[in-house]
Structures are given as C-alpha cells and as structure tokens.
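A quick note: this is a predicted structure, and the numbers were derived from the prediction, not measured.
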Amino acid sequence: MKNKNSLNRKAHFLGTKIRNLRKRNRLTMEDLSSRCIKIDPESAPSVSYLSMIERGKRVPSEEVLEVIAEVFQKTVSWFLDDIPEEDAITPSKGSGGGISGMALEPNFLFSNEILQIAIPEMLSQTGTSGRQFAHLLIRAHQEHHQNHFPDLERAAEEVGLKRLPLSIDELIAITKQMGMQIKWFRKTPLSVLESMGIDEHHVVTSFFDPPSTIYINQIMKNQTQRLKYNLAVHIGHAVLHDKDGMKNVLVTGRNEITPLQNKNAKIQTSGMDAQDILLAWRDFECSFFAGALLCPKVPFRQLLDRNGYEINTAKLAGVSESVAMRRMTAASPYPHWHYFDAYAPGKLKAVYRGNGIPLPWGNMSLVEDPCQHWAVFRMINENFTGTSAQISILNVGDEARIYACESVKVEDLAGKSHVLCSGIDLNPAIAAQGKDALSIANDLKQACVANSGSSQIPKSIKKDLLSVARILNINWVERGIDNEARLICSRGSVCPRSPSCYQHCQQS
C-alpha cells in the first residue's frame, strides 16, 4: 500500500491528468463528483476538493484516487506515473462523428437572392411541401448545434424553476400565472379540423385559442404524461411567442405531430408558403421548450447519471419515453447521439443525428432497399416487448464506425405502434481513451463479415468497449456488448454482407 508521502512524490501530473481526462470525456466537476458518489459515497470527493486536486493544491488519498480511477477505467498507477503521456491525456479538439457539410461552388449560385427563387421552384417540381423542407433545415440546424440551445433552456428554467418532476397541478398553476385558462372538449371543432387538413386517423389532443384559452381533449385526462407535454408546449408558445394570436394545435396519429399551424396553411401541398419556415421553427421551439421545462438539463442529467441512462428513467421524471429519450441527446455531456421515432413500414416521424449517422431510409419518401438489420427496423417488424440493445458497425464514407443503441416499442393515442431509438457513436469515446477507434471498428467489422454479418464481439474488443461503456455510464451500451454485433448499412445497394441481403431479396 502506498502511503501519503509516496503519493505526494508521484503526483506531479496527477491534477493535470484528472482535469484533461474529465474534459476529454466532457464532464463537469459536478458530473465527476456525482459519478464518484455513485461508486463510493464515503470516499467520493466534493466539487471543491476536485477543483483543488486539479489545480495541484491537494493530493488525494489513495481511497479517493481509486474512486476517480474507476470512473475513468484507469489504474491508480496511471495517474501517478511521472510521464505526462501527452497523446493520451490531451483533450480532443475535433467533434468526431458529427454532421459534416460540403463546399458549395461556385459560391455566387448560392446567394440569398438565387436561393429565394430556386428553392420554391425545386419544391414545386419535386412535390416537397414547404413544411417538409423547413423541417429539414431546422433538423440540420439542430444537428449542427448538437441539440444545445441555451436560450430555450434558460427560458424553460425561469418558468419551471428547474423542478423535476413537474406535476400536473404545477403546470396548471403556471398556465394560470400566465393568464391562461383550460377548457375540455369531446369533439374537435370543425374549424380546427379544417385548419389542419386532417382526417379520422388523427386525434387532436389540444389547441390554444387566442387570446388565452387552452382546449384539451377529454381523452387526455387518463394520459398524464401526454397531458403534461401538451401543457408544456402551450406554455412554451405563451412564453416564446407572447400568445400572438396564432392557433396552436397538437395532433397525433398516423402522420407526424404538427404543433403549430395557421388556419390557412396546407400540410401536404408542394411548394412553399411565406410562413412555412416561421411555423416550422415555432414547432421546434415549443417542442424543445416543453422538453426543457419537463426535464431541466442539470437535474435530468443527474437523474440519468444515477440510473445509467435507462429508458425507464422516464417514469422517475414523470414524462413519456419519447420526451426522456429526446432530452438525453441534449442533457448528456457526451454529444454524439442519434434519435429516431419510426412507424411501419419505415416512416420517420422524428430524426436527430448529432453524430452524423446516415439514415436507413428516407423520411419524406420510402426507399425500396432499406437495411433490415437496424435495431429500429427489427423492432418495427417483430412482435417485441421491452427494450432492445444493439451494437452495430456501419461504414460512414470510408470509415467503419461502431454505434450502440437502445430501442423500445410504444403506442400513440391512435393505437398505432411505433419505435423509439436512442443511440450513440462510440468511435469518439474510444478515441478519447487513447485507443485507435478506426482499427477497432475495422476489426469488429471483419469479425462480422467472416460470420455472415453478425458476430460475438472478440474478447480484446469487448474489453475496450466495456471500458468505454462504464466511463459513459450508459447501461444499455454494456447490454449491447453482451449481444452479437451486427453489420448495418444505409441502403441495401451498399450492403457489406456476403452474400448481400439485397441480392437475396431480389432473388426471392
């Protein structure tokens, strides 16, 4: 056993190594202290003590250092080595695995004036609605910023006071403070149905009628989580848009939820109306605000951390699985997430790709050769209950990447089954530990190729992935590692399996 003097003699780079490891894994001091408390409450360092350790003002006891070492899956001796190991401890500057763009040349063709003329014409000729195009723009903006919108977070926190969970009564009290009243309805008014252009397959769950009335469908009385989300969206509309006279309608059913719709707007017409972008942006703002109100970032991150990012953490937060899984992408210190909400046979109601993962199908039109090995596809097509964890290997460009995800099948208010899927790109996390992520991904890919597309993860790779899973503190990553890894692709026409799944489908 090392004594205190021995630790003092070998602690030259200890504070620097801890600080750089923490930043490399995008943890705040509060996050690190919380992780330590989860491992050993008695030996865990406080935030202030961690600060002194990192600044070299204090040398931790061996017990404290052992807890910190376990968080980062390192040996105690690694921290006490006199060699700084520059490559292993320097925080990565690159985003790794995020959304990438392309240079648009010649530049003059992409001026505002030309785009304002060309985009409406393109939408008209392709049959794409202005709202669909607007949502693509907003999704790109959301993914570029990796779901971080501090202004919306602050606005929600000022209203909700960072309470978690928020009760129905607390949300109703907020609406009253804002001068709004709640009324219930059994049958949706014809004027609302006409304004939305909806049919019998949809359910209007609520709508805001200016200047101050929120109308809520009676069926929501037994749907606590959905009712809370609806109220949160309407509160967002009041806070962000000052109840400006726009009719705010929430609909669920076979097509996507459309929170904000002007009574004169058309949902599925091609071309672009002048207000399409504004209305779609307000959809996004209200939805993001609602998530931030119901799951304030810091308390929700702490709740996720204590529960290993399990999907059933939604129950503890008093929200639906959908709200909780979407908020994971914003609350987690790890930025490389994706999220899908998919209906059969392959309609994507919601997409988020902060890690740049290619889509397995088109979300505006179906494709003929989607890869059936994606976890979200398997869940749609199988009679599956509970959650499913999967490790996948996918070529992105010329690089093999390892993804982990957790999926769950749920039902909407119209009784339609759909699958929610949250996942992460593991390559940046592997690289953050000083490992060769591309080499590990390629080795795992070859193991799967040699075994007709899926394989138990080799022991050496499994050890590296388990280490990363424990640093990330995401339980379903560990569960996925215990299952077979699967080769997936974005389209059957580029299937990496031999024989190709797509060729097999064509022959049959």
Side-chain angles (χ1 to χ4, degrees), residues 22 25-44 47 67-68 70-73 147 153 156-157 160 162-167 224-225 228-229 290-339 341 352 354 375 379 385-391 403-410 419-424 426 429 465-483:
R22 177 177 62 78
N25 288 281
R26 297 176 182 266
L27 300 177
T28 64
M29 287 189 189
E30 289 80 4
D31 293 330
L32 179 53
S33 178
S34 176
R35 294 273 180 95
C36 291
I37 290 170
K38 186 177 179 182
I39 293 170
D40 184 349
E42 293 185 3
S43 300
V47 173
V67 176
I68 295 172
E70 186 170 346
V71 170
F72 293 117
Q73 296 290 290
N147 230 7
E153 296 276 2
E157 289 172 359
K162 299 185 181 180
R163 288 171 288 181
L164 180 70
L166 267 176
S167 68
T224 302
Q225 295 171 348
K228 288 168 70 171
Y229 176 75
L293 179 62
L294 296 172
C295 298
K297 190 170 186 176
V298 173
F300 187 58
R301 177 189 287 191
Q302 292 170 345
L303 185 65
L304 289 171
D305 211 44
R306 289 195 298 272
N307 293 277
Y309 284 75
E310 295 287 8
I311 292 175
N312 62 15
T313 304
K315 294 180 180 178
L316 300 176
V319 298
S320 67
E321 293 94 339
S322 174
V323 170
M325 292 168 76
R326 282 187 285 126
R327 281 299 286 168
M328 284 181 189
T329 69
S332 172
Y334 190 68
H336 309 289
W337 286 79
H338 64 264
Y339 169 79
D341 183 352
Y352 169 71
M379 291 283 280
T385 58
T387 62
S388 176
Q390 178 172 315
I391 299 295
Y403 295 92
C405 71
E406 177 90 320
S407 305
V408 62
K409 185 177 284 188
V410 297
V419 175
L420 308 173
C421 177
S422 286
I424 57 173
L426 287 175
L465 295 185
L466 280 172
S467 177
V468 165
R470 287 165 185 165
I471 293 171
L472 293 173
N473 189 34
I474 301 176
N475 291 349
W476 41 263
V477 177
E478 285 200 48
R479 289 200 295 275
I481 293 168
D482 288 334
N483 301 329

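- For the residue pair Ser422/Tyr352, the side-chain donor-acceptor check at 3.5 Å is not satisfied.
- Evaluated for a side chain to side chain contact (heavy atoms under 4.5 Å, CB included) with Cys295, the options Leu166, Leu303, Val319, Leu304 yield exactly one hit, Val319.
- Using modelled atom types, one finds a donor on one side chain and an acceptor on the other under 3.5 Å when comparing Thr387 with Glu406.
- Side-chain atoms of Arg327 never come within 3.5 Å of backbone atoms of Ala324 as a donor-acceptor pair (strictly under, hydrogens ignored).
- Among all heavy-atom pairs drawn from Lys297 and Ala330, the shortest one is CE-O, 3.2 Å.
- The shortest distance between side-chain heavy atoms of Arg470 and Glu478 falls below 4.5 Å.
- Contact annotation: the side chain of Arg301 approaches that of Pro333 to within less than 4.5 Å [non-hydrogen atoms, C-beta and beyond].
- With a 4.5 Å cut-off on side-chain heavy atoms, Arg35 and Asp305 count as touching.
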Practice problem: Evaluate the side chain to side chain contact (heavy atoms under 4.5 Å, CB included) criterion for residues Val408 and Met325: first the C-alpha distance (whole Å), next the side-chain angles of each, then the deciding distance (0.1 Å), finally the verdict. | Solution: CA-CA 10 Å; Val408 62; Met325 292 168 76; 4.1 Å; yes
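- Looking at residues two or more places apart in sequence or on another chain, you find a ring pair (Phe, Tyr, Trp, His ring centres under 6.0 Å) between Tyr334 and His336.
- Counting non-hydrogen atoms of neighbouring residues, nucleotides and ligands closer than 6.0 angstrom, the NZ atom of Lys162 reaches no more than 12 such neighbours.
- The two atoms that bring Leu420 and Ser322 nearest to each other are CD1-N, 3.5 Å, heavy atoms only.
- Side-chain contact between Tyr309 and Val477 is absent, with no heavy-atom pair separated by less than 4.5 Å.
- Between Thr28 and Asp31, the side chains place a donor N or O and an acceptor N or O closer than 3.5 Å (distance only, hydrogens not considered).
- The minimum heavy-atom distance between Trp476 and Ala404, with the atom names listed, is CZ3-O, 3.6 Å.
- Nearest heavy-atom pair, Leu294 versus Tyr229, reported as atom, atom and distance to 0.1 Å: CD1-CA, 3.8 Å.
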Between side-chain atoms of residues 311-318 and protein atoms elsewhere (two or more places apart, or another chain), which donor-acceptor pairs fall under 3.5 Å?
residue: Thr313; atom: OG1; partner: Glu310; partner atom: O; Å: 2.7

